[in-house]
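Letters A, B, ... are given to chains in the order of the sequence lines, protein chains preceding strands, and every chain is numbered from 1.
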Amino acid sequence: MTIRVQCEDFDVGAELEALTRGRTSIGGVTSFVGYVRDMAGGAPVSAMTLEHYPGMTERQLEAIAGEARRRWPLDAVLVIHRYGRLEPGDRIVLVATASAHREAAFESCHFLIDWLKTRAPFWKLEATPEGERWVEAKASDDAAAQRWRE
Amino acid sequence: MKVLYFAWLRSKIGVASEDVTPPPEVTDVGGLVEWLKGRSPGHAEALANAAVVKAAINREHVPFDHPVGPGDEVALFPPVTGG
């Protein structure tokens, strides 16, 4: 289980290679990569600054990854989340899960990104032509996370 | 007790963190938020709508009826928007 919270970009290919290297029990990997979009709510976005709560972020991501491992038979879990100033097209987050079979990999990856969106302490500040604005949480994200309640 | 503010709560209140000593009648997060409103107009504005304020104590999410004590690190923030 690898959790990283960092400013720097990441190389998806290299990360997936590192996740699976030498682990021949793995039958499949599912990954999700989140990017900064150039539009939000009908307005162009020129940059996005991600703020987080150091210490709590890592703790929450570890708890969420631990919950995924409890629910599915996973060989490996990787979460990398960036913070700081990003521009459209930049990668924000990588979630990858590896398992012997595809169902566990697909489902746990979906679970991780849904739970992360409602529990990891990150906040997005968008720069638009009208000025900066804090991104508001979406009810649809809460609904997506609710789906995974046991 | 240390209180941390994030995102627009921090910008409205004007500080990222502060050490506070609430009176003994403040026993839970909800009570602390009500008491903090009296510290400045910025606090009052930032905390006016408690429905959009979330809390963590010692880096764990907690509801507003969770107890608070002198040694706690309390964080107040808007709903999170990561991912």
Enquirer: Taking A:L112 as the starting point, is it possible to reach A:I92 by hopping between hydrophobic residues whose side chains are less than 4.5 Å apart?
Expert: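 Result: yes, single cluster for both.
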Enquirer: Out of curiosity, B:E60 CD to A:R59 CZ, how far, rounded to the nearest 0.5 Å?
Expert: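 Result: 5.0 Å between the selected atoms.
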Enquirer: Evaluate whether atom CD of A:Q6 has more than 12 neighbouring non-hydrogen atoms of other residues, nucleotides or ligands under 6.0 angstrom away.
Expert: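 Check passes, neighbour count above 12.
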Enquirer: Indicate yes or no: at least one non-hydrogen side-chain atom of B:S11 is less than 4.5 angstrom from one of A:W134.
Expert: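 When only atoms from C-beta onward are counted, A:W134 and B:S11 do touch, with a gap below 4.5 Å.
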Enquirer: With clusters defined by side-chain heavy atoms of hydrophobic residues (ILVMFWY) lying less than 4.5 Å apart, directly or transitively, does A:M1 cluster with A:L116?
Expert: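 Shared cluster, yes.
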Enquirer: Given a strict heavy-atom distance threshold of 4.5 Å, which part of A:L125 is in contact with chain B: side chain, backbone, both, or neither?
Expert: neither
Enquirer: For the residue pair A:W123 and B:F6, does the interplanar ring angle fall in the parallel (under 30°), tilted (30 to 60°) or perpendicular (over 60°) class?
Expert: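 Answer is parallel, since the angle falls under 30°.
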Enquirer: Looking at A:R82, A:H81, A:E51, which one has more heavy-atom pairs under 4.5 Å with chain B than the rest?
Expert: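 Top count of heavy-atom pairs under 4.5 Å with chain B: A:E51.
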Enquirer: Residues of residues 12-40 of chain A under 4.5 Å from chain B (heavy atom pairs)?
Expert: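 Those residues of residues 12-40 of chain A which would need a heavy atom under 4.5 Å from chain B do not exist here.
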Enquirer: Same cluster for A:I80 and A:V95 if Ile/Leu/Val/Met/Phe/Trp/Tyr side chains link at under 4.5 Å?
Expert: no
Enquirer: In this structure, would A:Y53 and A:F122 fall into the same cluster of hydrophobic residues linked by side-chain contacts under 4.5 Å?
Expert: no
Enquirer: Atom CZ of residue position A:F10 - does it have more than 12 heavy atoms of other residues, nucleotides or ligands inside 6.0 Å?
Expert: yes
Enquirer: Can you tell me how far apart NZ (B:K54) and CZ (A:R119) are? Round to the nearest 0.5 Å.
Expert: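 It is 11.5 Å, given to the nearest 0.5 Å.
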Enquirer: Is a side-chain N or O of A:K138 found less than 3.5 angstrom from the main chain of B:T81, in a donor-acceptor match?
Expert: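 Here the side-chain-to-backbone pair does not exist.
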Enquirer: Testing the basics here: between A:P121 and B:V80, what is the closest heavy-atom pair and its distance to 0.1 Å?
Expert: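 Minimum heavy-atom contact is CA-CG1, 3.6 Å.
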Enquirer: Quick check on the hydrophobic clustering: are B:V52 and B:V62 connected, directly or via other members, by side-chain heavy-atom contacts under 4.5 Å?
Expert: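 Yes: a chain of side-chain contacts under 4.5 Å links B:V52 to B:V62.
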Enquirer: About how many Å separate NE2 of A:H52 and CZ of B:F77, when rounded to the nearest 0.5 Å?
Expert: 13.5 Å
Enquirer: Do other residues, nucleotides or ligands put more than 12 heavy atoms under 6.0 Å from the CZ atom of A:R71?
Expert: yes
